[in-house]
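Throughout, a chain's letter reflects where its sequence line sits, starting with A, and its residues are numbered from 1. Because only heavy atoms are used, hydrogens play no part in the values below, and waters and symmetry mates are left out as well, while side chains stay in.
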Protein chains: 2
Amino acid sequence: MAIGRSPQSSSQTPDQGAARRPSRARGIPEATVARLPLYLRALTALSERSVPTVSSEELAAAAGVNSAKLRKDFSYLGSYGTRGVGYDVEYLVYQISRELGLTQDWPVVIVGIGNLGHALANYGGFASRGFRVAALLDADPAVVGSSAAGLPVRHMDELESIVESQHVSIGVITTPPGAAQQVCDRLVEAGVTSILNFAPTVLTVPDGVDVRKVDLSIELQILAFHEQRKAGDEPDRTESVLDRAPGPVRAAAAKLRRAAGGNGKPRTAAESAKDAEPAAKGKPGKTGEGELSAVMPA
Amino acid sequence: MAIGRSPQSSSQTPDQGAARRPSRARGIPEATVARLPLYLRALTALSERSVPTVSSEELAAAAGVNSAKLRKDFSYLGSYGTRGVGYDVEYLVYQISRELGLTQDWPVVIVGIGNLGHALANYGGFASRGFRVAALLDADPAVVGSSAAGLPVRHMDELESIVESQHVSIGVITTPPGAAQQVCDRLVEAGVTSILNFAPTVLTVPDGVDVRKVDLSIELQILAFHEQRKAGDEPDRTESVLDRAPGPVRAAAAKLRRAAGGNGKPRTAAESAKDAEPAAKGKPGKTGEGELSAVMPA
DNA sequence: TAGATTGTTAATCGATTAACAATC
DNA sequence: TAGATTGTTAATCGATTAACAATC
């Protein structure tokens, strides 16, 4: 399983895609970068209410973070506040926008125009943040030619020419999981260097390409974990004595399980559900495996 | 801005919702919990290929993480491997499923059936992970009564009775941002204690309620930040000398800007784009502010 | 036994936060 | 000047990772 290309970072939570590189560009920590959009949103709201200045305490409350953290975050950008007064809202909006690169236009392609692709194409927050949908792409001839959000859905074959002619550097993948890596490869080959992946697939990309991932299933599972703890703790703790048995016993048990072809345990909900699906068990590249976008519009 | 309820955690990246509490239930770090679904997905794929055992090195590669990290993560669950051999795939699938609470059924309500709500309703990964869509809800009479993914869209008025009768503890919010807090309040009031929020809104919830957030706009902005650094570093660095000027000078400049009602800077792409939108500037609760789901099906 | 691989240690790194001097 | 609030320090906490003893 040797790899010459680095797999994308990890989950939603600790660090993501870009963390592959020195982790900070010009000394700004990843954790801070990830919060800048939050601050920007809160500041934009204040700006629209024509609020001239805001204190770190107020802004932190609006963004849902600790005020010391906010001040520390801002200190990486420079000294943009005024002691005793607070921060100038408009000025800070501009500084953060500039830091995030939002003062320029970012053409984006969306690949895979199912329900999710449609939802993203219609996403109002795109344009208002400097992002522009350069093209919608799909491999399905039944989808190509239709339109979404006023844009025509074009065929995957046009990907390379679109990326080149429109200088697209950001791609959004909303395909079924089986197609994600292949689409990713084509995007990267065409020159895209940042990818937002909605398919539940670990993408492998060359150095220099950033991948961020959005995964509904993972988010729900994390919620379920905590939810489980709330209701009376240790709910259906049907832990076998073997689970905590000394090594040799467990090893022997595992060997037996392997030989028997089963695990001697009640099946998980996931396993049970699987039978109800049309997915061919034991087939790689199967369906029904957590695809947020597997359902294409009819 | 005093608050009696805690605002949700922060961005996608550092920590999320549940991190409000002791951060670990039964000693499992949040970062580990967030990776368990990744491992589970990789293991499920191996299971379907009937692979009996897997080493930490192989599994880590498949999940896109460091193998030492994976072994450390698993050590929090117990000693489920066999030295010199690796991990029994089926056994580990079961153990992680159980740890995540996926051996039980989780009824979920989705509120806000726009494009995104539709996409989620059709999400195949729901059922295969123990999650079940208990109901689709919307406030718009034009949407209520239609169906999505074979389920009828019901009116918000039914929320409370559905949550109670079906013991729903997880709610997904895919409404426009202006409705999110209100919907959240109703969900919590009805008894929901875990919320997955797709609206670009900071939700305030009582203690004991977990909120996780998925925000396309934030993800794109983080990508843009890194993208900006790739292309020749310091691209349109139109930094005014005032930006780094000593305190008194900046303070005076800020005061002037406030008095003049402008910031004396080129406008951000966000600001420019705003004019093209129908949003009423200066109005709180405005539209066009990053709503992933503001577009309801016609 | 010899090779393989886990589980754990310990060092390192990065992020968070309270506290407060600087200064508006 | 007095009150307010930033920007920074330093302590603490949590996460990552290489290395390796334990043990299959």
Side-chain angles (χ1 to χ4, degrees), chain A residues 1 9-11 13-16 19-20 22-24 27-35 53-61 64-88 91-92 244-255 258, chain B residues 9-11 13-16 19-20 22-24 27-35 53-61 64-88 91-92 244 246-255 258:
Chain A
M1 275 214 182
S9 184
S10 57
S11 111
T13 318
D15 61 340
Q16 272 246 12
R20 285 297 78 126
S23 175
R24 45 178 66 190
I28 303 182
E30 267 305 305
T32 296
V33 171
R35 279 188 295 266
T53 60
V54 66
S55 72
S56 63
E57 203 66 55
E58 292 165 334
L59 185 54
V65 306
N66 178 296
S67 71
K69 192 191 282 183
L70 177 142
R71 288 196 301 275
K72 190 100 170 81
D73 284 342
F74 286 178
S75 75
Y76 293 111
L77 308 185
S79 292
Y80 294 152
T82 305
R83 287 167 142 102
V85 177
Y87 300 90
D88 182 89
Y91 188 54
L92 205 45
R244 298 282 174 180
V249 179
R250 284 206 332 280
K255 208 165 294 175
R258 270 197 297 286
Chain B
S9 183
S10 57
S11 114
T13 318
D15 62 342
Q16 274 246 10
R20 284 298 77 127
S23 175
R24 42 179 66 189
I28 302 182
E30 268 304 307
T32 296
V33 171
R35 280 188 294 267
T53 60
V54 66
S55 71
S56 63
E57 203 67 55
E58 292 166 332
L59 185 55
V65 304
N66 178 297
S67 70
K69 194 191 282 183
L70 176 142
R71 288 197 300 278
K72 190 101 169 81
D73 283 342
F74 285 178
S75 76
Y76 293 111
L77 308 185
S79 293
Y80 294 152
T82 305
R83 288 166 140 102
V85 178
Y87 299 91
D88 183 89
Y91 188 56
L92 204 44
R244 298 281 174 182
V249 179
R250 283 206 332 282
K255 207 165 294 177
R258 269 197 298 285

- Comparing A:Gly84 with A:Ala68, nearest DNA chain C nucleotide closer to 5' gives the residue A:Ala68
The side chain of [X] is closest to which nucleotide in this list: [options]?
X	options	value
B:Glu30	D:dA15, C:dG7, D:dT17	D:dA15
A:Ala31	C:dG7, C:dT16, D:dT6	C:dT16
B:Arg71	D:dA19, C:dC24, C:dT5	D:dA19

Mind listing the N/O atom pairs, protein and nucleotides 10-12 of chain D, below 3.5 Å?
none

Atom pair distance, as rounded to whole Å: [atom1] in [X] and [atom2] in [N]:
X	N	atom1	atom2	value
A:Lys69	D:dT9	NZ	C1'	18 Å
A:Asp88	C:dC24	CG	P	16 Å
B:Glu58	C:dT5	CD	P	7 Å
A:Leu70	C:dT16	CG	C1'	13 Å

- Pairing annotation in dot-bracket form, given for DNA chain C with Watson-Crick or G-U pairs under 3.5 Å and | for cross-strand partners: ..||||||||||||||||||||||
- Message: Should the side chain of A:Arg83 and the base of C:dT23 be counted as holding a donor-acceptor pair, with the cut-off at 3.5 Å?
- Response: no
- Can you name the closest pair of heavy atoms from B:Thr53 and B:Asp88 and give their distance? CG2-CA, 4.2 Å
OP1, OP2 of [N] versus side-chain N and O of [X]: anything below 4.0 Å?
X	N	answer
A:Tyr87	D:dG7	yes
B:Arg35	D:dT16	yes
A:Asn66	C:dA15	no
A:Ser56	D:dT5	no

- Any chance you could lay out the side-chain contact (heavy atoms from CB on, under 4.5 Å) test for A:Arg71 and A:Ser67, step after step, and finish with the verdict? CA-CA 6 Å; A:Arg71 288 196 301 275; A:Ser67 71; 3.5 Å; yes
- Run the side-chain contact (heavy atoms from CB on, under 4.5 Å) check on A:Phe74 and A:Lys69 step by step: do they pass? CA-CA 9 Å; A:Phe74 286 178; A:Lys69 192 191 282 183; over 6 Å; no
- In Å and rounded to the nearest 0.5 Å, what is the OG to CG distance from A:Ser56 to A:Asp73? 11.5 Å
- Message: Quick check for you: to the nearest 0.5 Å, what is the distance between B:Glu58 atom CD and B:Leu70 atom CG?
- Response: 11.5 Å
- Output field: ring centroids A:Tyr80/A:Tyr91 closer than 6.0 Å: yes
- Message: Keeping B:Thr82 on the side-chain end and B:Val85 on the backbone end, is there a donor-acceptor pair under 3.5 Å?
- Response: no
